[in-house]
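Working notes, structure below.
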Amino acid sequence: SRRIGGRGRLTGNISKSRSTRTRKTWLQGVVKMAPKKQLVHPRLLWVNTELGVSLKSVEEIANGVIPCHVLDKFVPRVLHMNRLKADANSESEFISNYKVLQEALRYMKVAKIIDVPRLAQGRAGACIDLLQFLESFCFDVRDGKTAGLVLDAR
């Protein structure tokens with residue numbers, strides 16, 4: 001250690017390293033103490049509350065089962081739920097689940113184009129778009145704004 005002017009003061013380098021070390025230790029403690037928040041998309045929160053599930057990421061709806069259950073909850077007996085593949089693992093099974101959803105929307109005369117290939121790949125943007133559509137559609141059904149739609153059971 002060097003002394004400046006013989007007065008016994010330490011150079012700035014040593015004191016800076018101590019304060020930097022102290023700051024780093026303090027920050028590490030704060031980071032450890034602060035709870036890590038998992039941000040869940042608002043549409044996903046809506047699905048979780050409506051269906052009583054605990055999905056954490058939007059990509060979890062990629063298999064097509066969750067959107068079908070949401071639609072079936074608000075418009076019962078329009079979907080062919082027995083055609084769903086609940087344990088779908090491959091993209092082709094995901095696509096068949098989305099075809100069931102598309103058939104139901106076509107039956108109800110809903111003019112919505114679903115981007116099935118992007119949904120089956122699990123793209124977050126496509127999943128969010130579908131959830132946004134389902135949420136607004138389900139709110140319209142709940143509020144009785146269904147003029148021109150066929151909501152009768154098959």
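Note that this is a predicted model, so its numbers are computed, not measured.
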* To do: With sequence neighbours excluded, give me every side chain to side chain donor-acceptor pair (under 3.5 Å) pair touching residues 119-131.
  => Gln121-Arg123

* Scan for side chain to side chain donor-acceptor pair (under 3.5 Å) pairs involving residues 130-139, sequence neighbours excluded, and state none if there are none. => Arg43-Glu135

Within-4.5 Å side-chain heavy-atom neighbours: [X] and [Y]:
X: Tyr98; Y: Leu130; value: yes
X: Lys112; Y: Gln102; value: no
X: Ile61; Y: Val47; value: no

* **ILVMFWY network linking Val58 to Phe94, side-chain heavy atoms under 4.5 angstrom** => no

* Mind jotting down which residue pairs meet the ring pair (Phe, Tyr, Trp, His ring centres under 6.0 Å) criterion with at least one end in residues 111-136? Sequence neighbours excluded, please. => Phe133-Phe137

Sequence neighbours excluded and cut-off under 3.5 Å, please list the side-chain donor-acceptor pairs for residues 67-76, or say none.
| unit_1 | atom_1 | unit_2 | atom_2 | d |
| --- | --- | --- | --- | --- |
| Asp72 | OD1 | Arg77 | N | 3.4 |
| Lys73 | NZ | Glu50 | O | 2.6 |
| Lys73 | NZ | Glu50 | OE1 | 3.1 |

* Distance-only, no hydrogens or angles: does the Asp143 side chain make a donor-acceptor pair with backbone N or O of Lys145 under 3.5 Å? -> no

* Under the side chain to side chain contact (heavy atoms under 4.5 Å, CB included) rule, collect the residues that match up with Asp115, sequence neighbours excluded. => Pro117, Arg118

* Asked: How far apart are the closest heavy atoms of Glu60 and Leu55, and which atoms are they?
  -> OE1-CD2, 3.4 Å

* What residues form a side chain to side chain donor-acceptor pair (under 3.5 Å) with Thr49, not counting sequence neighbours? -> none

